[in-house]
Asker: 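This is the structure, below, for whatever I ask next.
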Amino acid sequence: VALVIYGSSSNRGSLYLSLTDSPNSIRKRNINGDAEVQIAQENIQLEKSVGLIGGVSIIVGTVIGSGIFISPKGVLEKTGSVGLSLIVWTVSGMLALMGALCYAELGTLIRKSGGEYIYIKTAFGDIPAFLFAWTSVIVIRTSSIAIICLTFAEYMGTFFPFCGPAVIPTKLVAAAIIVTLMVINCYSTSLASKTQIFFTGAKLLALAIIVVGGIVRLCQGHITELTDSFKGTASSASSIALAFYDALWAYDGWNNLNYITEELENPKKNLPRANIFGVLLVTVVYVMTNISYLTAMTSAELLASSAVAVTWGERVLGVAAIILPLAVLCSTFGAANGSMFTGGRVVYAAGREGHLPELLSFIQCKRRTPLPSLVFTTVISLLMIIPGDVGSLVDFFSFTAWIFYGSTVAALLFLRWKMRDAERIFTVPIVIPILFVLIAIYLVIGPIVESPKIEFLYALIFVVGGLVFYFPFVYFKLLPNCLDGVTIFFQLFWEIVPSAYEPD
Ligand code: ARG
């Protein structure tokens, strides 16, 4: 079967394939000219297929990834005491909750997909929004997918000895997982959402086992580590700040539902509910899990363990300990799925606003999934795996991510004034965003002042370096002509069409 291009029409400055007047149709026929099928109709959009449970799963299932199984060690080491480490875990949860509340206000005020990108664009205009999209698409999102999938692959080592830290087979497994997730997400949004719900359930079950095991052990009187718990508390502010970075990585992802607002059923109600409920649930689970770890080992043992959850399982579950590495696999797989799902939407949103090639905002007309943006996210995540040293990826991730969390909540404050007459369904008390912005500034500036590392400078240069692309390609639209050919090629190859959404 050969594809025949009938002609093209121009819309929003670029070419689409179309035979009818509608830009949203692609026609195909075989070489004999018969059996013509029109494969797309008007108004192709992403479906609203995520309900409340799906929304909570996106939050809980993306937030709970590798962190809770690994970070407790770092937090304990940097805070120096059990008491302070539990405080850091609780305060980090509160910070995530503050963020989630602010994002609930933003997401119900501006009900478009794309998260930070769309809020920064509405408040501060094109250039900061472009810099966010550029950084998010190239670094933030893709490094987080790479980190989570590398952790998945390292835990495969429990079952298959050829996997271990930073070796070629590990990277290959991580790459295979990324591609699998891409296929799931391109196949259908509802399959991706079901996968998310399933793995969220699995990881909550595993954590419930740890929490209940901990409660039982508490009742049996294993409380030595929890008494006199502030002994040895660190006094250096920078070391405490670094402890926060470790815990905040475990909480990261609280903002994810805002990327897919348009695919939520009844976003006005479900977005705030899922944000608040999801983050609260995670906070309770995290604090209880940390307590449970300490009922089964001393802090010295916790610091010596390379995978706390697995050590916990060996101590408490005996032969059933095997379920813990399995739980880490489920947890990281689900988190990576959530990141792929929502991360693709930033590319999609930026593509349709003209900040990235428009092709990236097209939708597969049969499956109704944003196929090009998912493929794009996948390719860059795969590239991230190549150098992929998890430690350096995490540092880079947190620093740039908090620049944008801070800017987004600053956008909320600015929009209180700029869109003062707009209908607000959900409003947070003004102290919350103010406090959040101050903390974000501290989290970004703190590490630079305390221990200036050249990586932070590289990160900043990278963010601002986006302007090198912005001016020629976005502002002056100096696009090479061959781009239309590429667009047409992929339209036919993937059967993708522009989404029915009109930018304002
Ligand atoms: N909190 C997750 C973990 O503990 C990492 C989330 C990464 N961020 C994201 N937006 N996907 O593994």
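Both ligands and their constituent atoms are indexed starting at 1 by order of listing.
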Asker: Is it true that Lys121 and Glu353 make a salt bridge, defined as a side-chain N closer than 4.0 Å to a carboxylate O?
Answerer: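 Salt bridge flag = yes for Glu353 with Lys121.
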Asker: Run through ligand 1 for me and note each protein residue having a heavy atom under 4.0 Å from it, chain first, then residue number.
Answerer: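 For ligand 1, the contacting residues are Thr62, Val63, Gly65, Ser66, Gly67, Arg141, Ser144, Trp249, Ala250, Asp252, Asn256, Ser339, Phe397.
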Asker: Listed by chain and number, what are the side-chain contact (heavy atoms from CB on, under 4.5 Å) partners of Ala247, not counting sequence neighbours?
Answerer: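 Ala247 satisfies side-chain contact (heavy atoms from CB on, under 4.5 Å) with Val75, Val88, Trp89, Ser92 only.
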Asker: Enumerate the residue pairs fulfilling salt bridge (Lys or Arg N to Asp or Glu O under 4.0 Å) with a member in residues 282-307, sequence neighbours excluded, ordered by first and then second residue.
Answerer: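 Residue pairs with at least one partner in residues 282-307: Glu301-Arg315.
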Asker: How would you list all residue pairs meeting ring-ring contact (aromatic ring centres under 6.0 Å, His included) that involve residues 59-78, not counting sequence neighbours?
Answerer: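 As it turns out, there is no ring-ring contact (aromatic ring centres under 6.0 Å, His included) pair with a partner in residues 59-78 once direct neighbours are skipped.
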Asker: Does a side-chain N-to-carboxylate-O contact under 4.0 Å join Glu116 and Arg345?
Answerer: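 No, no charged N to carboxylate O under 4.0 Å.
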Asker: Pro433 and side chain to side chain contact (heavy atoms under 4.5 Å, CB included): which partner among Leu106, Leu413, Leu438, Leu101?
Answerer: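 Of the listed residues Leu106, Leu413, Leu438, Leu101, the side chain to side chain contact (heavy atoms under 4.5 Å, CB included) partner of Pro433 is Leu413.
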